[in-house]
Amino acid sequence: QEKVQQSPESLIVPEGAMSSLNCTFSNSASQSIWWYQQHPGKGPEALISIFSNGNKKEGRLTVYLNRASLHVSLHIRDSQPSDSAVYLCAVKTSSGQKLVFGQGTILKVYL
Amino acid sequence: NSKVIQTPRYLVKGQGQKAKMRCIPEKGHPVVFWYQQNKNNEFKFLINFQNQEVLQQIDMTEKRFSAECPSNSPCSLEIQSSEAGDSALYLCASSPRINQDTQYFGPGTRLLVL
């Protein structure tokens with residue numbers, strides 16, 4: 001069964017800083033890896049996904065995937081207080097199309 | 001922004017009572033997923049549909065949980081006999097296709113079983 005672990009559990013950064021979040025998964029054959037953002041009282045919202053080794057950039061977000069080390073990271077450049085939320089790493093499994101989520105990283109960006 | 005609609009937003013039930021929640025997927029999305037998110041942020045996949053057909057479900061769903069996605073009606077998830085451990089946020093997500101596509105989540109139904 002696919003397992004997803006995220007670190008750190010929480011991250012506090014000042015406005016304008018880079019926020020770096022990490023995720024490891026257990027199956028190198030996993031189809032794609034997604035990062036979701038969840039604000040209190042709301043459902044998760046997809047931010048960015050990656051399938052191939054390497055990096056992908058969208059706006060202030062950059063994601064890096066290394067399938068050999070089973071590691072993916074999300075970097076948020078110029079962090080803003082509105083980025084404060086729970087960030088969830090999710091892996092779409094090869095057996096069925098469900099997402100397997102990590103336990104999340106709580107990000108707080110202060111002024 | 002997701003256009004998945006979930007009702008009710010909050011549901012309070014006693015142990016042994018039925019709990020039913022509904023989901024209207026985004027227009028044009030034939031694929032629907034149900035997940036349970038507990039207070040520790042642990043997600044559990046429950047069931048998914050393509051149109052009215054069940055694609056995959058976990059054993060837990062087969063016992064006390066039932067779900068359906070009838071044509072021209074909201075999808076629903078029902079717990080036949082609620083237990084305290086069922087207290088959680090139930091999230092519905094929809095997707096335009098089964099492979100590779102983003103899953104768009106609704107705001108969830110928060111169930112509290114007293």
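Every chain is numbered from 1, with letters handed out A, B, ... down the list of sequences.
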*How many angstroms lie between OG1 in B:T102 and CH2 in A:W34, if you round to the nearest 0.5 Å?*
3.0 Å

*Enumerate by number any residue of residues 37-48 of chain A whose heavy atoms lie under 4.5 Å from heavy atoms of chain B; in the absence of such residues, state 'none'.*
A:Q38, A:G41, A:K42, A:G43, A:P44, A:E45, A:A46

*Within a reach of under 6.0 Å around CD1 of A:I106, are more than 12 heavy atoms found that belong to other residues, nucleotides or ligands?*
no

*Measure B:L91 against the heavy atoms of chain A and call it side chain, backbone, both or neither at under 4.5 Å.*
side chain

*Which region of B:R9, side chain (C-beta onward) or backbone (N, CA, C, O), has a non-hydrogen atom less than 4.5 Å from a non-hydrogen atom of chain A, or is it both or neither?*
side chain

_With a 4.5 angstrom heavy-atom cut-off, is it the side chain or the backbone of A:V86 that approaches chain B, or both, or neither?_
side chain

*Is A:K57 atom NZ crowded by more than 12 heavy atoms from other residues, nucleotides or ligands, each under 6.0 Å away?*
no

*Say whether A:F25 and A:L74 are linked into one hydrophobic cluster, either directly or through other cluster members, by side-chain heavy-atom distances under 4.5 angstrom.*
yes

_Linked, directly or transitively: B:M21 and B:F105 (ILVMFWY side chains, under 4.5 Å)_ = yes

*Part of B:Q6 within contact of chain A (heavy atom distance under 4.5 Å)*: neither

_Please identify, among B:P107, B:C92, B:S95, the residue contributing the most non-hydrogen atom pairs under 4.5 Å to chain A._
B:P107

*Is chain A contacted by the side chain of B:E42, its backbone, both, or neither, given a heavy-atom distance below 4.5 Å?*
neither

*Using modelled atom types only, decide if a donor and an acceptor are shared between the side chain of B:Y35 and the backbone of A:L99 within a distance under 3.5 Å.*
yes

_Single-linkage hydrophobic cluster A:V4~A:L11, side-chain heavy atoms < 4.5 angstrom_ = yes

*Joint cluster assignment, A:M18 & A:V72, ILVMFWY side-chain distance < 4.5 Å*: no

_Straight-line distance of B:Q103 CD to A:Q97 CD, nearest 0.5 Å_ = 8.5 Å

*In this structure, are over 12 heavy atoms from other groups packed under 6.0 Å from B:R110 atom CZ?*
no

*Do A:V109 and A:I76 belong to the same hydrophobic cluster, where Ile, Leu, Val, Met, Phe, Trp and Tyr are linked whenever their side-chain heavy atoms lie under 4.5 Å apart, directly or via other members?*
yes

